[in-house]
Each structure stands twice: as structure tokens, then as C-alpha cells.
Chemist: 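The structure's right below; bear with me while I get my questions together.
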Amino acid sequence: MYVRLGYVAMSVHLHHCSPSQTMTFRQFTKIKDREAAIRKLERIARSNIENCLRILKHNRAHDIQFFRLSSRLIPLANHEALADWDYLSPLEQPLKEIRKFLSEHPMRIDFHPDHFVVLNTKDVSTLKTSIQALHLHEQLLKRMGIPLKHRCVIHVGGGYEDQEKALEQFIHNWAYVPERIQNLIMLENDDTTFTMSQTLYLCEKLGIPFVFDFHHHEANNGGEIWEEHWERAIQTWNCSPLPMKMHISSPRDEVAFRAHHDYINAEQFYQFLCNVKGSIDQLDCMIEAKQKDEALFRLMHELSSYPNIEVIDQASFHLK
DNA sequence: GCCAGTCAAGTCCCG
DNA sequence: CGGGACTTGACTGGC
């Protein structure tokens with residue numbers, strides 16, 4: 001089994017290279033000259049995109065072929081008070097540079113829009129805002145030259161006191177999601193509400209790839225055994241041009257179990273891989289750890305001492 | 001230069 | 001029903 005590791009949004013090795021600089025709406029309103037305030041937003045957004053390119057180059061230098069872009073690249077892009085702001089035009093040039101770089105050095109790039117994207121809401125305006133946020137991700141992907149299919153992983157949404165109904169609401173709302181937005185989506189089991197099999201129910205019904213989050217599963221499984229649903233998870237990727245992917249993180253401690261640890265528990269990850277070996281040829285694993293790419297490097301280092309792991313490069317390996 | 005408090009959005013939980 | 005917690009990185013203001 002061929003395994004590629006990826007990480008999230010920013011590198012702890014690159015200083016002054018945040019892709020998530022921001023301006024709050026409060027700060028925005030404090031600037032008297034609205035045009036000047038918008039230009040400041042644009043400067044921040046441009047800097048964020050330029051920093052993304054620096055990070056991608058860093059990834060390239062370290063063999064990292066799998067990366068999740070920050071979903072906070074353009075501050076206030078979806079705010080209703082800035083509905084008239086054409087945020088994309090000023091970003092054409094830096095986005096084009098990313099497009100050029102990725103065409104020369106292909107890698108898998110994903111997004112994880114934040115938890116304010118709720119597709120199973122009953123509130124029409126919340127659904128509208130959610131679709132708008134996904135539209136923004138689509139536009140960015142398009143301009144970076146990244147194929148759109150299955151690039152945004154999101155959660156199912158709220159439980160609303162009746163999870164069965166909440167799942168049916170997702171199916172209901174799905175009909176109102178434009179097809180090109182539908183094609184962006186992957187669904188992930190979450191750590192408080194929807195379990196692996198509940199999420200799989202939607203994925204199977206609607207033809208959406210399922211992203212298994214092992215840590216979330218441990219925090220919220222309703223007694224389900226993941227091995228019993230693993231084959232179903234694999235099947236949801238039949239409709240995708242991309243290899244199956246999953247999320248890997250470790251609990252910070254017993255008390256803050258759901259919070260992310262700085263690093264990944266290598267032994268636990270190794271055991272997991274041994275369990276799934278043979279079921280698939282390739283797996284992309286997104287490392288969600290506070291130490292970002294350093295956690296990835298440390299994990300690779302620890303895995304390299306296992307006898308049946310054959311290291312290919314700094315961020316991928318074969319499990320024999 | 002450091003620390004505490006604050007921040008668009010949604011949902012959940014507590015009082 | 002109203003308000004705070006949740007989560008996260010980044011920014012502001014006070015010292």
C-alpha cells in the first residue's frame with residue numbers, strides 16, 4: 001500500500017508566511033474611508049495567496065504532494081456588507097502564479113471550509129451563505145487550475161435534536177445545491193454528532209466520497225466498529241478520480257480529548273495502516289496536528305524504523 | 001515585546 | 001429565551 005502524507009494550511013518552518021492573515025468586520029468599519037479599507041483587505045488577501053505559493057514551494061522541496069489550503073485566504077469575502085466587493089480581480093496575478101507552479105509540480109490540493117458551512121440547515125439564508133462560501137472555494141480552485149472534483153471536505157452539519165431528520169434534511173437540501181458545487185464535496189464524520197455510518201448513509205445515497213477521521217471516530221462512534229464499515233468507505237471513492245483520503249490526528253490529552261495534539265501517535269497510526277493494508281492500493285493521509293509539517297516529518301521519521309515500511313521520500317512510503 | 005481579550009458566520013448547552 | 005462555549009489563528013490594546 002502506497003501512503004502519502006499531507007498537512008494543513010501553514011508551515012511551522014516558514015516564518016512570516018501566514019496564509020490566514022485577517023481583518024475583522026469591526027476593524028473594517030473603524031476605517032472611515034471605505035475604499036481604503038477595501039484596499040487593505042485586498043493587500044491582506046494578496047499576501048495570503050503569495051504566502052500559499054511560498055508554502056507550496058516549500059512542500060515541493062520536501063516531497064510533500066498533498067496539502068490543504070487555508071479557508072481563510074480572503075477576509076470578509078462572504079460578508080453581506082461587502083457583497084459589492086469584487087475580491088477576485090485583484091488576485092488574478094498571484095493566483096495565476098500558483099496555477100503555473102502547480103502545472104509544473106502537480107500535487108493534491110484540498111480545502112476544508114469551516115463549520116459555518118452547514119448544508120443540512122433548515123434556515124434558507126444559512127443555506128444560501130453556505131453555498132456562497134463553497135462558490136468562493138470553487139472560484140479559487142478554478143483560478144489555481146486545480147480540477148474541481150472532490151476538493152472540499154465538510155461536515156454533515158447540525159443534529160437539531162433529531163439526527164435522523166437532520167440527515168434527511170441534508171438530502172432535501174442537496175437538491176438545491178448547484179451540481180458544480182455538489183461535485184466539490186466530500187463528507188467527513190465529526191467528533192460530536194454524525195458517526196461514520198450515518199455519514200456513509202449520505203455518501204452512498206448521494207454519491208459523495210467519504211473522508212474517514214479516525215480521531216473523530218474515537219470521540220464519537222455510537223458503538224460502531226470502524227472496521228465493519230471500512231469497505232463501504234472505500235466504495236464511496238469509486239466515483240472519484242482521486243485516491244481515498246482520510247484525516248489523522250491524536251488527542252491532546254484525556255481531558256481535552258477532542259483537541260489536536262502537537263504531534264501524531266506513530267504507533268497507533270501504524271496499527272491502523274496494518275489493519276487496512278490489502279483493502280486498497282493507495283491512501284492519502286491528512287495530518288491534523290498543531291506542529292503542522294513538523295509533525296509530518298516527525299511521523300515519517302518514527303515510521304521509518306518499522307521493518308515493513310519502505311520510505312520512498314520525505315512524505316510518502318510503502319507499507320509491505 | 002508580552003499578555004489578555006476579541007473576532008462574521010452556526011450550533012449546542014446551560015441557566 | 002439569552003448568552004457563553006466551542007475552535008483557531010491572528011490582531012488590538014494595554015502595559
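Letters A, B, ... mirror the listed sequences (proteins, then strands); counts begin at 1. All of these numbers come straight from a predicted model, not from anything done at the bench. Note: hydrogens, waters and symmetry copies are ignored here, and every other heavy atom, side chains too, is used.
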Chemist: C1' atom, C:dA10 versus B:dT11: distance in rounded Å?
Modeler: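 Comparing C1' positions in C:dA10 and B:dT11 gives a spacing of 24 Å.
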Chemist: Mind checking whether A:W230 and A:F272 have ring centres under 6.0 Å apart?
Modeler: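 Centroid distance A:W230-A:F272: below 6.0 Å, so yes.
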Chemist: In whole angstrom, what separates A:R72's CZ from C:dG9's P?
Modeler: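 Roughly 8 Å, once rounded to whole Å.
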Chemist: Could you state the CD-C1' distance from A:E80 to B:dA8, rounded to the nearest angstrom?
Modeler: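 Those two atoms, CD and C1', are 9 Å apart.
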Chemist: Just checking A:G159: base, sugar-phosphate only, or nothing, at a heavy-atom cut-off of under 4.0 Å?
Modeler: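 Sugar-phosphate only.
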Chemist: Measure from CG on A:N78 to P on B:dA8 and round the result to the nearest Å.
Modeler: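 The answer, rounded to whole Å, is 15 Å.
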Chemist: Under 4.0 Å between any heavy atoms, over every strand shown, what does A:S70 touch: base, sugar-phosphate, or nothing? Just pick one.
Modeler: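 Result for A:S70 = nothing.
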Chemist: Would you kindly say whether A:S250 and A:H261 are connected by a side-chain donor-acceptor distance under 3.5 Å?
Modeler: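 A:S250 vs A:H261: no donor-acceptor pair found between side chains.
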Chemist: If B:dA9 has a Watson-Crick or G-U wobble mate with both distances under 3.5 Å, name it; if not, just say none.
Modeler: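 Pairing partner: none.
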Chemist: Checking all strands, does A:D123 fall into the base, sugar-phosphate, or nothing category for heavy-atom contacts under 4.0 angstrom?
Modeler: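 Nothing, no nucleic acid heavy atom in range.
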Chemist: Report the distance from atom CD1 of A:I31 to atom P of C:dT12, rounded to the nearest whole Å.
Modeler: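 In whole Å, C:dT12 P and A:I31 CD1 are 9 Å from each other.
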Chemist: Rounded off to whole Å, could you give me the NE2-to-C1' distance for the A:H16 and C:dG9 pair?
Modeler: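 Nearest whole value for this atom pair: 16 Å.
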Chemist: Taking atom C1' in both B:dG10 and C:dC11, what distance in whole Å separates the two?
Modeler: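 Pairwise C1' distance, B:dG10 against C:dC11, rounds to 23 Å.
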Chemist: Any side-chain N or O of A:R26 less than 4.0 Å from the OP1 or OP2 oxygen of B:dT6?
Modeler: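 Answer is no, no contact under 4.0 Å.
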Chemist: Report which part of the nucleic acid A:T193 touches: base, sugar-phosphate, or nothing (heavy-atom distance under 4.0 Å, all strands).
Modeler: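 Counting heavy atoms under 4.0 Å across all strands, no contact is made by A:T193.
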Chemist: I need the CD-P distance between A:Q163 and B:dT11, as an integer number of Å.
Modeler: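 Rounded to whole Å, this separation is 14 Å.
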Chemist: I'd like to know if A:R151 pairs up with A:E138 as an ion pair, taking the criterion as any Lys NZ or Arg NE/NH1/NH2 lying under 4.0 Å from an Asp or Glu carboxylate oxygen.
Modeler: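 Judged by the 4.0 Å cut-off on N to carboxylate O distance, A:R151 and A:E138 do not form a salt bridge.
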Chemist: If you only use heavy atoms from C-beta on, which nucleotide in C:dG9, B:dA9, B:dC7 is closest to the side chain of A:K290?
Modeler: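 The answer is C:dG9, which lies nearest to the side chain.
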Chemist: Would you say the side-chain atoms of A:H105 and A:R60 include a donor-acceptor pair closer than 3.5 Å?
Modeler: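 Indeed, the side chains of A:H105 and A:R60 share at least one donor-acceptor pair under 3.5 Å.
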Chemist: Of the nucleotides B:dC12, C:dC11, C:dG9, which has the atom closest to the A:Y160 side chain?
Modeler: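 My answer, after comparing the listed nucleotides, is B:dC12.
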Chemist: Could you give the CG-to-P distance, from A:D262 to C:dT8, as a whole number of Å?
Modeler: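 It is 12 Å, rounded to the nearest whole Å.
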Chemist: Of the candidate nucleotides C:dT12, C:dG9, C:dT7, which contains the atom at the shortest distance from the side chain of A:S20?
Modeler: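 Comparing C:dT12, C:dG9, C:dT7 against the side chain of A:S20, the answer is C:dG9.
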Chemist: Would you indicate, yes or no, if B:dA8 has its OP1 or OP2 atom less than 4.0 angstrom from a side-chain nitrogen or oxygen of A:T24?
Modeler: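 The answer is yes; a side-chain N or O of A:T24 sits under 4.0 Å from OP1 or OP2.
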Chemist: Tell me whether the OP1 or OP2 atom of C:dC11 has a side-chain N or O from A:T22 closer than 4.0 Å.
Modeler: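 Indeed not, no polar side-chain atom of A:T22 lies that close.
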Chemist: For A:Q291 and C:dT8, what is the distance between atoms CD and C1' respectively, to the nearest whole Å?
Modeler: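 It is 15 Å, rounded to the nearest whole Å.
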Chemist: Can you find a side-chain donor-acceptor pair between A:H301 and A:R298 that sits under 3.5 Å?
Modeler: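 Short answer, no.
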Chemist: Does A:Q27 make a side-chain N or O approach to OP1 or OP2 of C:dT12 shorter than 4.0 Å?
Modeler: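 Looking at the OP1 and OP2 atoms of C:dT12, one of them is under 4.0 Å from a side-chain N or O of A:Q27.
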Chemist: When the nearest nucleotide of DNA chain C is assigned to A:K30 and to A:A259 on a heavy-atom basis, which residue is associated with the more 5' position?
Modeler: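 Whichever sits nearer the 5' end wins; that is A:A259.
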Chemist: Using 30° and 60° as the class boundaries, would you call the ring planes of A:H62 and A:F297 parallel, tilted or perpendicular?
Modeler: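 Correct class here is tilted.
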Chemist: Indicate whether A:F116 forms a stack on B:dG10; treat it as stacked only if centroid distance is below 5.5 angstrom and interplanar angle below 30 degrees.
Modeler: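 Taking the rule of under 5.5 Å and under 30°, the ring of A:F116 does not stack on B:dG10.
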Chemist: Tell me what A:K292 touches on the nucleic acid: a base, only sugar-phosphate, or nothing, going by heavy atoms under 4.0 Å.
Modeler: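 If one applies the 4.0 Å heavy-atom cut-off, A:K292 turns out to touch the sugar-phosphate alone, with no base involved.
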Chemist: Could you measure between the two P atoms, the one in C:dT8 and the one in B:dC2, and give it in whole Å?
Modeler: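 Rounded to whole Å, the distance is 24 Å.
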Chemist: Taking the same atom, C1', in B:dT6 and in C:dG4, what whole-Å distance lies between them?
Modeler: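 Taking atom C1' in both B:dT6 and C:dG4, they lie 14 Å apart.
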Chemist: Have A:E231 and A:S279 got a donor and an acceptor in their side chains that come within less than 3.5 Å?
Modeler: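 Result is no, nothing qualifies.
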Chemist: Report the nucleotide, chosen from C:dT7, B:dT11, C:dG9, that has the shortest atom-to-atom distance to any side-chain atom of A:R258.
Modeler: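 Nearest nucleotide to the side chain: C:dT7.
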Chemist: What does A:T129 touch in the nucleic acid at a heavy-atom separation under 4.0 angstrom: a base, only the sugar-phosphate, or nothing?
Modeler: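 Touches nothing.
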Chemist: If you only use heavy atoms from C-beta on, which nucleotide in B:dA9, B:dG10, B:dA8 is closest to the side chain of A:D114?
Modeler: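 Shortest atom-to-atom distance from the side chain points to B:dA9.
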